Amino acid sequence: MFYSRMLIPTLKENPAEAEAVSHRLLLRAGMIRKLASGIYNYLPLGLRVLRKVERVVREEMNRAGAQEVLLPAVQPAELWEESGRWQIYGKELLRFQDRHGRDCCFGPTHEEVITDLVRREVHSYRQLPLNLYQIQMKFRDEIRPRFGLIRGREFLMKDGYSFHVDEADAEACYQAMYDAYNRIFQRCGLRFKVVEADSGPIGGSFSHEFMVLADTGEDLLASCLACDYAANLEKAEVVPAAANPGPAAAAAAPEAVATPNVRTVEEVAAFLNVTPREIVKTLIYETEKEPVAVLIRGDHEVNEVKVKKLLGVMDLTLAGAGRVRELTGAEVGFAGPVGLNLPIYADQAVAALAAAVTGANKTDHHLVRVNPQRDINITQVADLRTVTAQDPCPHCGGCTKILRGIEVGHIFKLGIKYSQALKATFLDEAGQEQFIFMGCYGIGVSRIMAAAIEQGHDDQGMIFPMALAPFQVALIPISLNDAATREKALSLHAAMEEAGLEVLFDDRDERPGVKFKDCDLLGIPLRVVVGPKTLAAGNAEVRQRRTGETIMAPLEELLPYLQDRIRQEMNEKAEI
RNA sequence: CGGGACGUGGCGCAGCCUGGUCAGCGCGCCUGCCUUGGGCGCAGGAGGUCCCCGGUUCAAAUCCGGGCGUCCCGACCA
């Protein structure tokens, strides 16, 4: 491929709008351009990378026995009403009407469509199992699109759905997808971690996320240093402290003390000369059902995902100052659980306290010596806080650390949630009608492209693994005006293409420095430079983008050498 | 939707506070010469409704009001 004929509008300077490395470099390398917030054009070079990711995904999905389909991007509202999600999906679902005034949406995911397809076509256990996937643009009207391709509104996703006669078969498929995903991310050269995850609004019983480790990641995960336990922080369980003091023996009754204008945990701790772990935060939440109070120790953070799950609610928002006053009789900062007439959910660490400080439900006052078990009318004690790096691993008790990651894959066991809603059934061997068991498996294809750059770059530009690079080899002639060099370079280029190498021939009338800079920026793994001097000696220079290692290869050995390197690097895995 | 920042040739920015030769700089682009191993040099040139609408004023990129858009920090997710 001739560089001069491709649209590769590289930028010398960083675009002001890009913060994240991958976003910056994708723009600078001329791979993407923004059309609107969270919506991007893929230029030729960017599309090549995207196609490489797709290719890996396709090969592994097919190998695992899945079949590719292509479902519509635009979906009728009826299906979503049938599953109940037209109501609950919220503003993220892009809704519109066609010319007849029929409600439609742009698909953010395809459970309804695929289930509808399968319920029409599958009627017998003999037709199961079935594993179908597609690679397609999704649209989710994200609250805040961010970091270029990492959180776009329109993005390329591989979504797969499997259908089974029973749970055991669904589980086997889940495992097969788990394995396929591991292979996919390995082949993409990513350093990643598989974590236990919350299944979220897509629903289902349990799930795993595949996280690419990166400091810029939006997700936090807890990872055990000793065993292979890892979980999304939203999900990571807290093991209750071993010793539970229970009701303290004959401690004195709670007492109100004046704490004028002392609201935050830090202020209370300083004012009363206690540590944050002796303080109980009382958080008043509104839900779509009733308001509730959640009790968390002063040095801990609530985990709203856990609270939502416990309460079985979709909406959970901290009550505003006015509501807090209404419900507790005090200003924000002085709410307390003693005598509070709301359902009270206490974190297990709160229940274990013997004498705590809480708000007094009276402005400018707190209670001391509160014994939660004795003094608070607790509705339920549960694990409601977010783990910290100090918490032990729930599996082996080992030490944990908190890491950042970019979610690139998510697999769910759906059970019969959708088959039930959409009445997707089959007849079993006994002629009995049964709901189909389902699984669902997603991969953020465009996100992988960005994640690979987050992990693979230096101050000169991108560093792609061979499997994802837009080209395998860059061929740079030094003095194209020199007829002999020109001729030799052209024939070398032709020979490389003939040999099946993906080569980008920089035939531009530019100085060498410009070509080197662009070549580094684009992240092409191998660079071959030929000039009058090297050619006269019968050599070409080969440089590896990743290591900078440079060798001189005799021209007659060049092709086999390159082919060998490419073969080798295609199979390399990132070190985790 | 809360909090912060921003909007000036294709890109990065200055000018705005203190209205008036301020429409300017660097990069990129075009032409010519020169140069050819890390974004070279010289000369000439093209290109802008200063985000939009309204107001104040003799006069607005600059001050005021209202929109729109973008980015960053928090609640959503591949």
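Per chain, numbering begins at 1; letters A, B, ... match sequence-line order. Since we're looking at a predicted model, the values are computed, not measured. Just so you know, these numbers use all the heavy atoms, side chains as well, and skip hydrogens, waters and symmetry mates.
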Identify the pairs formed between an N or O of the protein and an N or O of nucleotides 33-35 of chain B at a distance under 3.5 Å, and give each distance.
| residue | atom | partner | partner atom | Å |
| --- | --- | --- | --- | --- |
| B:rU35 | O2' | A:Arg511 | NH1 | 3.4 |
| B:rU35 | O2 | A:Arg511 | NH1 | 2.9 |

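- The number of heavy atoms from other shown groups lying within 6.0 Å of CZ (A:Arg33) is above 12.
- Annotation: of the two residues near RNA chain B, A:Ile478 and A:Val305, the 5′-most nearest-nucleotide partner is A:Ile478.
- Candidate nucleotides B:rC72, B:rG38, B:rG39 were compared by shortest atom distance to the side chain of A:Asp520, and B:rG38 ranks first.
- A donor-acceptor contact under 3.5 Å is formed by the side chain of A:Arg151 with the base of B:rC77.
- As rounded to the nearest Å, B:rG26 and B:rC17 have P atoms that lie 25 Å from one another.
- Side chains of A:Tyr441 and A:Met61 form no contact here, defined as non-hydrogen atoms less than 4.5 Å apart.
- Whole-Å rounding puts the A:Lys235 NZ to B:rC77 C1' distance at 17 Å.
- Minimum heavy-atom separation, A:Tyr161 to A:His110: OH-N, 2.9 Å.
- Atom-to-atom distance recorded for A:Asn41:CG and A:Leu47:CG is 11.5 Å, nearest 0.5 angstrom.
- Here the nucleotide nearest the side chain of A:Lys517, chosen from B:rC73, B:rG39, B:rC77, is B:rG39.
- Among the atoms of the strands shown, only primed sugar atoms or phosphate atoms (P, OP1, OP2) are found under 4.0 Å from some heavy atom of A:Gly409.
- Considering only side-chain N and O atoms, A:Lys12 lies under 4.0 angstrom from the phosphate OP1 or OP2 of B:rG28.
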Query raised in the report: Can you give the dot-bracket line for RNA chain B, where a pair is Watson-Crick or G-U wobble with both atom distances under 3.5 Å, crossing pairs use [ ], and | marks a partner on another strand?
Result: (((((((..((((......[...)))).(((((.......))))).....(((((..]....))))))))))))....
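- A salt bridge links A:Arg323 and A:Glu286; the closest N-O separation between the charged side-chain nitrogens and carboxylate oxygens is under 4.0 Å.
- Under the 6.0 Å cut-off for aromatic ring centres, A:Tyr181 and A:His208 do not qualify, their centroids lying 6.0 Å or more apart.
- Distance CG (A:Leu318) to C1' (B:rG2): 13 Å, rounded to an integer number of Å.
- Across all strands, A:Val529 comes closer than 4.0 Å to base atoms (heavy-atom distances).
- The shortest heavy-atom contact between A:Ile478 and A:Gly531 is CB-CA, 3.8 Å.
- In the set B:rG39, B:rU36, B:rC72, the nucleotide with an atom closest to the side chain of A:Pro512 is B:rU36.
- Cation-pi contact between A:Arg527 and A:Phe516: present, with separation from the ring centre below 6.0 Å and deviation from the ring axis of at most 45°.
- Residue A:Arg146 places at least one side-chain N or O closer than 4.0 Å to OP1 or OP2 of B:rC73.
- Across the interface with RNA chain B, nearest-nucleotide mapping of A:Gly148 and A:Leu521 shows A:Leu521 to be the residue nearer the 5′ end.
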Name the pairs: protein N/O against N/O of nucleotides 3-14 of chain B, kept only if under 3.5 Å.
| residue | atom | partner | partner atom | Å |
| --- | --- | --- | --- | --- |
| B:rG12 | OP1 | A:Ala16 | N | 3.0 |

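- Nearest nucleotide to the side chain of A:Arg527, out of B:rG37, B:rC1, B:rA78: B:rG37.
- Aromatic stacking is marked for A:Phe155 over B:rA78, as both cut-offs hold: 5.5 Å for the centres and 30° for the planes.
- On a pure distance criterion of 3.5 Å, no polar donor-acceptor pair joins the side chain of A:Arg508 and the base of B:rG39.
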